[in-house]
Amino acid sequence: MLQRLMAAVRRPAAPVRVDDIVDSAAGKSIVDQFHVLWYGSEAAAGVTWQGQPVLKSPFDLWMYQQLITSTRPDVIIETGTHRGGSALFFSDVARLAGHDMDVITIDFNPKLAYDPAPHRIFPIAGISTAGETIDAVRTLLSTRHSRPPTVMAVLDSDHSKQNVLDELRLYAGFVSVGQWLVVEDTNVNGHPVLPGHGDGPYEAVADFLRANPAFEPDRSCERFLFTQNPGGWLRRVRN
Ligand SMILES: C[S@@+](CC[C@H](N)C(=O)[O-])C[C@H]1O[C@@H](n2cnc3c(N)ncnc32)[C@H](O)[C@@H]1O
C-alpha cells in the first residue's frame, strides 16, 4: 500500500486526493510521524510572524489566511494571546486583503511586545471564561459595529478538557453561520503528540459536538495533510 501511494504521489497522473492519503493506514502513519517530528523539534518553537513568536504551524497559519481572505469575517475573537503573534498575523492578513477586521484577543497574562491599537487588535486582560471577560467581548462587538458582525473564534488558551469545554460553550454563540470555531491543539493527548497529556481539546470537542449540531468538523481545513488541530476546525452550519 505504501509503495503504491508513494508511486502515485511521485508520478501523479492527477493530483492524489488528500482523503486517499490520510484515510490509508500508510498515509496516516507518514503524516503522524511527520507531525510528531515537527512538534518535538526546535522548528516548532521558531515560528514567527513579523518578528513576533507564533505558537502555530505554518500550515495552519496558511489555512487561517485562506479562511480570512475567502470569507472576510468582521471580527476574530481569540482566547490565548501569548506574545500576540497570531493576533498580528490575523490582522495583517485582513489588511493585506484590503479588508477591515477587528481582532479581540484575551489572556490573563498577555506578553504583547507591540502596540496593538494601530492593528485594530483589542486585547482583553482576563480569564477567558470569566463573566466580565465575556461582557467585555460583548461590549466591544456592540460598540464597534452598528449591525451584528460576522465572527470567527479561535480557542487557544488553557488546553485542559474542562477549560476548552467551558470556552466552547461560552464562545460558540458569538460565531456566525458559515464561520469557524477553531479549537487549537486537539493534537495533544496522543492525537498524535503528547500521549500523556490527559483529556484535552480533542475530548472537549467530542463532548461539545454531541450537544451542538449547529457545528460540524470541517475536514477541508485539514487538506494540507498536517494540522495541529485535527478535528478542531468546527464550522457553524446553522443557527
Ligand atoms: C498557547 S498560548 C497562545 C498562543 C497564541 N495564540 C499564538 O498562537 O501565538 C496560551 C496563552 O493562554 C493564556 N491562558 C491560559 N489559560 C488562560 C485562561 N484561562 N484565560 C485567559 N488566558 C489564558 C496563557 O497566558 C498563554 O499566554
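Side chains included, hydrogens not; waters and symmetry mates left out as well; all remaining heavy atoms used. Atoms within a ligand are numbered from 1 in the order they appear, just like the ligands themselves. Numbers here are sequence positions counted from 1.
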>> Is there a side chain to side chain donor-acceptor pair (under 3.5 Å) between Gln228 and Ser57? Walk through the geometry before answering.
In response: CA-CA 7 Å; Gln228 293 189 180; Ser57 85; 4.8 Å; no

> Got the closest protein heavy atom to atom 20 (N) of ligand 1, with its distance?
Replying inline: Ser128 N, 2.9 Å

> Which ligand 1 atoms, with their elements, are less than 4.0 angstrom from a heavy-atom of Ser86?
Replying inline: 5 (C), 6 (N), 7 (C), 8 (O), 9 (O)

> Using the ring of each side chain (for Trp, its six-membered ring), is Phe59 parallel, tilted or perpendicular to Phe226, with breaks at 30° and 60°?
Replying inline: perpendicular

>> Looking only at protein heavy atoms, which one is nearest to atom 23 (C) of ligand 1, and what is the separation?
In response: Ser157 CB, 3.6 Å

>> Can you confirm whether more than 12 heavy atoms, excluding those of Lys111, are under 6.0 Å from its NZ atom?
In response: yes

> Is it true that the side chains of Glu167 and Ser157 contain a donor and an acceptor less than 3.5 Å apart?
Replying inline: yes

> Quick one: ring-ring contact (aromatic ring centres under 6.0 Å, His included) pairs with a partner in residues 100-139, sequence neighbours left out?
Replying inline: Tyr114-His119

>> Using a 3.5 Å cut-off on N or O atoms only, is Phe108 in polar contact with ligand 1?
In response: yes

> Do Thr150 and Gln179 get their side chains close enough for a donor-acceptor pair, meaning under 3.5 Å?
Replying inline: no

>> Please evaluate residues Thr79 and Ser128 with respect to the criterion side chain to side chain donor-acceptor pair (under 3.5 Å), reporting the C-alpha separation (whole Å), side-chain torsions for both, the decisive distance (0.1 Å), and the verdict.
In response: CA-CA 6 Å; Thr79 66; Ser128 59; 5.3 Å; no

>> For atom 4 (C) of ligand 1, what's the nearest protein heavy-atom neighbour? Residue, atom name and distance, please.
In response: Asp156 OD2, 3.3 Å

>> Pair Gln33, Ser29 - check side chain to side chain donor-acceptor pair (under 3.5 Å), show working.
In response: CA-CA 6 Å; Gln33 285 178 61; Ser29 164; 2.9 Å; yes

> Does some non-hydrogen atom of Glu78 fall short of 4.0 Å from ligand 1?
Replying inline: yes

>> If we set the cut-off at 4.0 Å for heavy atoms, which region of Lys111 has an atom near ligand 1: side chain, backbone, both, or neither?
In response: side chain

> Out of Pro110, Gly80, Gly85, Gly126, who gets a non-hydrogen atom closest to atom 21 (C) of ligand 1?
Replying inline: Gly126

> For atom 8 (O) of ligand 1, what's the nearest protein heavy atom and its distance?
Replying inline: Lys56 NZ, 3.0 Å

> Just which atoms of ligand 1 are under 4.0 Å from any heavy atom in Thr81?
Replying inline: 5 (C)

>> What I want to check is whether the side chains of Asn187 and His35 have a donor and an acceptor closer together than 3.5 Å.
In response: yes

> Mind checking whether Ile127 has an N or O less than 3.5 Å away from an N or O of ligand 1?
Replying inline: no

>> Side chain or backbone, does Asp107 bring an N or O within less than 3.5 Å of an N or O on ligand 1?
In response: yes

> Just by distance, with hydrogens left out, do Asp60 and Thr227 show a side-chain donor and acceptor under 3.5 Å apart?
Replying inline: yes

> Numbering the atoms of ligand 1 from 1, which are under 4.0 Å from a heavy atom of Asp158?
Replying inline: 15 (C), 16 (N)

> Among protein heavy atoms, which lies nearest atom 9 (O) of ligand 1, and at what distance?
Replying inline: Leu55 N, 2.9 Å

> Would you say His159 and ligand 1 have an N/O pair spaced under 3.5 Å apart?
Replying inline: no

